[in-house]
Each structure stands twice: as structure tokens, then as C-alpha cells.
Amino acid sequence: MSNAIQPYNRALDGGLILKSITEPADAERIAAFNGHIFGDMVAGMTRSLIHHHPASRPEYWLFVEDEATGQVVSSLALIEWTWRYEDVTLKSGEMGIVGTLDSYRNRGLIRQQVARHHELLRRDGFDLSHIQGIPYFYRQFGYEYAMPLEAGWQIELRDLPDSTSDEPAVYQVRRATCDDVPMLMRLYDEANAALDIRTVRDEATWRYLLQHTAGTEMEAETWLLLDANQHIVGYWRVALHGFGTGLIVSETSRLRPDACETLLRWLKAAAIEREKPYIRFNLPVSNDLLRAARYRGARDAGTYTWQMHIVDAASLLRKLAPVLERRVAASPFAGLTKTLVINLYREAVELRFEGGKLSQVQGVGFREWGDINLPPLLLAPLVLGYRSREELEHMYPDVGMRGEAKFLADVLFARLDAFLFTIY
Ligand SMILES: CC(C)(COP(=O)(O)OP(=O)(O)OC[C@H]1O[C@@H](n2cnc3c(N)ncnc32)[C@H](O)[C@@H]1OP(=O)(O)O)[C@@H](O)C(=O)NCCC(=O)NCCS
């Protein structure tokens, strides 16, 4: 945790104060509060994140205190992630561990902390904010469903090969340690290269994952696959907690088909030993192990979705200029010269293309009509490639565009393969 503390302190109505972590004891008070709302493992996760996560900052941990009792009555956190959208690096602030004591609910305490959270996002140059939230609630604060979360691919154990094969073992397995971090980083980057939107994990984050998730809600085992020469050829992670009663595979490197067979056998044996009735693959569809499992009968039991908030539409589109220019160049619009107005009804953004280059992107305030018209919350699913222009038009009569603008919207905003592997 960084030492540069700039504490926040604002009086609210009714003898309440909205604060950020000011003194070391506040960390434990927030952890105990989160434990009370969500259980012990979330208390452990809060402690680990505050004390050990490389991206954690005291001022990103908000809470409301009742002055009369000194009790923490509501809290939420901002957790900083770095993502890559094709070749563009983006910063997203997760809104995490959101809770209010029963007797203080429906008094706007989360609403007021969200306002501070959004101030921090703007102040610190975040592009996006995401939350793995309860249904609907976060729409009130500008969030919309826009990226796959918790993939639900499942396979029954009877569909998997047994490990009691007569064939000699080609691969061996062992748990990863911090000494393996350079190799894990390489394998992770290689596997993620196939995704259009992905999480960036630096060395410090890898160390956090290996050293500081024990006893937390996010505890996971990291296993390595070794060839006959003891060279690491792959890895996978098993999450110890999560939705459902199955054994959860939460991440893998690229894996050759024979390595997938070995791993599927290992997973079956592990599931039997741990009394898990099935295996769940929390993995993107492009993942090698999931592909192998699908050939053996894995089926999709449905996913949940990250809810996303765009901090500033013009600034995000400006950052994505290299991507948008590439899409235009690869289309019949190559060399485009045009001012395109994306009207988000409460505000509009002008994109000036000159000879295929995006020379200017600026917010232009209220406009009655533009080339592409979208309710403000729908920009996130469109830009993040979660829903196509056609799907949005089909669902919402106030998504409007005509003729050539439709074609250009399809070129600029392609469907994407996005998946976020965790940073904690
Ligand atoms: C969900 C929860 C965090 C809301 O906290 P809160 O302090 O009551 O929230 P607020 O009062 O700031 O709510 C903002 C608005 O949403 C409304 N609201 C409260 N809970 C809601 C819910 N579950 N669904 C929809 N609206 C809700 C409030 O009435 C308020 O409306 P208003 O601004 O029009 O008056 C709280 O009920 C809680 O801790 N629940 C258990 C833990 C949990 O589910 N956390 C969320 C994990 S993502």
C-alpha cells in the first residue's frame, strides 16, 4: 500500500461522516465491517488488498462512520486495474465490496460514496469503472452490462478420461512458487494475446496472487505442467471459492491437445478427491482447455456480466483512436474524411476523421440529433464489443442511425472477445 495518504473527510447529514482510510486502524475497521456484511473470507480479502496489493491506495477505500458511535456503517472500495484494448492501455477502477449496515440502508450512503468514487476516477485519469454487482442497482450510477464475467461452461465427470491409463506419463505437475513468476508472466501474456480486451498483470500482481490470496474469497491454486525434461510448458489456476459446487478452473496458459488431455484427467481426479460433482471452466471461449472440454461435451450453463461505466466518452474514444483508425483503414471507408457525431442524448461527441486519421475527438455538449444516436449507458456495450449496433437497435427504439452511419457504426464498433482474468 502506498504511504502517500491524502485522507478524505466530508460531513453528511444525520451525524455521519464520509471518509477514506486515514489511520492504520481504519483498515481493520473496514475489514471487520466487510466481514460482517459478506463473511470472513471477504474480511481476509479486504486485509490482503489493503496491506499487500500493489495497486491499493488508502484514499481509494471509502467508508461512512456514525459520529455518535464511531461505527463503520457503509463502505466501498476502488481497485485499480490495467487493461489492454487491442494495443491501447486503459485504466479501470473496479467498484468493489459495496455494503451498508441493514439499519442504515436506503439513506443514500452508497449513492454518496459512488459520487466520491467517480470524483476519484476523474481526478486520477481512469478511463472506465467496472463492478461485479447485484442486478440493476448500479444502473442508477451510470453502469451497464458490457463484458463477460464468470463463464459457466460445465462438464460432467463421466465425460472426462480417467487417470488410470496404462500409458506412461508424459507430463508432471507441481504447484507454482514465486520463483516461477517470470515464466508465468510469459505464459499469461502468450495466452492472453488472443483476447481483444484483457487484463495486464505485472510482476508485483503475480506475486500478490501467489502470496496473498490464502484465506481470502479469491484464494486460488496455481499449478504448473512440466514436460519430461522438467521444462514448464503450461499452467492453470483452480479457484477455491466461487459460484456453484463444481471444481472451478479459473485460468490456463495455451495448451497443446495432449497437454489438455493430461489436464482433464488431473481435473477429474482432483474433482473426485475434493468431492466436486462437476468441473466449471471460468474461461473465455478461445481458451485451449475449454475447446478440448467442449469436444468432450462441456456445455454453457450461462455467464454473468461485468457492469461498466465510461468516465468520459470523448476521452475514451480519443484514447481508442489507433484502434478506430485501423478499423476504418481495413474497411470500405479507408481514407475517410468526415465529422461523425455520436449523440448520447445528454451530451454529444464529435469525431473528426481526415484522410482516415482521427484528428480530433471532442465533447460538444447537448445536440438534438447526431449520426449515431445512443442512450448514454449503451456506449459501453457498443465500444467494448459486447453488443453489436444491430443488437442494440433491435432492443432499444432510441438507438437510431440511418444508412451509411449504420455501416460506419458496424466498422468502428466490432464485436470483441473480451475476458478479464483477476488481479487479486
Ligand atoms: C445494496 C446495498 C449496498 C445498498 O446500500 P444503500 O446504502 O441502501 O444504498 P443507497 O441508499 O445509496 O441506494 C441508492 C438508491 O438505490 C435504492 N436501493 C437500495 N437498495 C437497492 C437495491 N438492492 N436495488 C435497487 N435499488 C436499491 C435506494 O433506495 C436509493 O434510492 P434513491 O436514491 O432513489 O433514494 C445494501 O443494501 C447492501 O449492503 N446489501 C447487502 C450487500 C450487497 O448486496 N452489496 C452489493 C454487492 S455488489
Side-chain angles (χ1 to χ4, degrees), residues 8-20 26 29-50 53 56 60-81 92-121 126 128-150 152 216-218 239 241-244 282 302-309 346 376-377 380 420 422-424:
Y8 186 75
N9 189 307
R10 186 163 72 82
L12 307 179
D13 291 344
L16 303 174
I17 325 173
L18 169 45
K19 291 171 131 181
S20 62
D26 290 340
R29 297 168 71 211
I30 294 174
F33 173 77
N34 287 342
H36 174 75
I37 303 279
F38 298 103
D40 285 349
M41 281 185 305
V42 174
M45 181 176 87
T46 305
R47 281 186 199 102
S48 263
L49 281 168
I50 294 176
H53 200 279
S56 180
Y60 286 175
W61 292 84
L62 303 177
F63 63 100
V64 176
E65 184 179 291
D66 188 330
E67 266 189 301
T69 58
Q71 194 184 18
V72 174
V73 298
S74 184
S75 179
L76 66 77
L78 190 164
I79 303 166
E80 179 176 338
W81 295 53
S92 187
E94 180 181 358
M95 189 190 291
I97 332 179
V98 179
T100 298
L101 267 191
D102 247 335
S103 49
Y104 289 79
R105 287 183 188 165
N106 298 305
R107 288 165 59 172
L109 299 189
I110 295 301
R111 185 179 284 288
Q112 298 188 74
Q113 290 170 93
V114 170
R116 173 61 185 160
H117 178 94
H118 285 184
E119 265 172 31
L120 290 167
L121 295 172
F126 284 86
L128 297 151
S129 173
H130 59 296
I131 179 154
Q132 178 174 352
I134 51 171
Y136 173 76
F137 183 62
Y138 298 95
R139 280 223 169 83
Q140 305 177 98
F141 311 125
Y143 289 75
E144 179 55 271
Y145 292 90
M147 210 182 273
L149 165 70
E150 286 294 334
T216 78
E217 180 73 16
M218 299 299 283
H241 313 288
F243 298 121
N282 180 11
T303 42
Y304 197 46
T305 308
W306 286 105
Q307 299 169 57
M308 308 285 316
H309 169 75
R346 304 300 303 258
L377 292 190
L420 302 178
T422 190
I423 57 158
Y424 59 88

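First listed ligand is number 1; within each ligand, the first listed atom is number 1.
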Open item on the list: Using a 3.5 Å distance criterion without hydrogens, assess whether the side chain of Tyr8 forms a donor-acceptor pair with backbone atoms of Trp61.
Closed with: no
TODO: Give a yes or no answer on whether the side chain of Ser56 reaches the backbone of Leu49 with a donor-acceptor pair at less than 3.5 Å.
DONE: yes
Task: Polar side-chain atom of His117 near backbone of Leu62 as donor-acceptor pair, under 3.5 Å - done: no
Open item on the list: Taking side-chain hydrogen bond (donor to acceptor under 3.5 Å, both in side chains) as the criterion, tell me which of His309, Arg139, Gln307 meets it with Glu144.
Closed with: Arg139
Open item on the list: Determine whether a donor-acceptor pair (N or O, by modelled atom type, separation under 3.5 Å) exists between the side chain of Ser74 and the backbone of Val64.
Closed with: no
Open item on the list: Using ring centroids (six-membered ring only for Trp), state whether Tyr143 and His118 fall under 6.0 Å.
Closed with: yes
Task: Atom-level proximity to ligand 1, residues with heavy atom under 4.0 Å - done: Ile37, Phe38, Val98, Gly99, Thr100, Arg105, Asn106, Arg107, Gly108, Leu109, Ile110, Arg111, Gly133, Ile134, Phe137, Tyr138, Gln140, Phe141
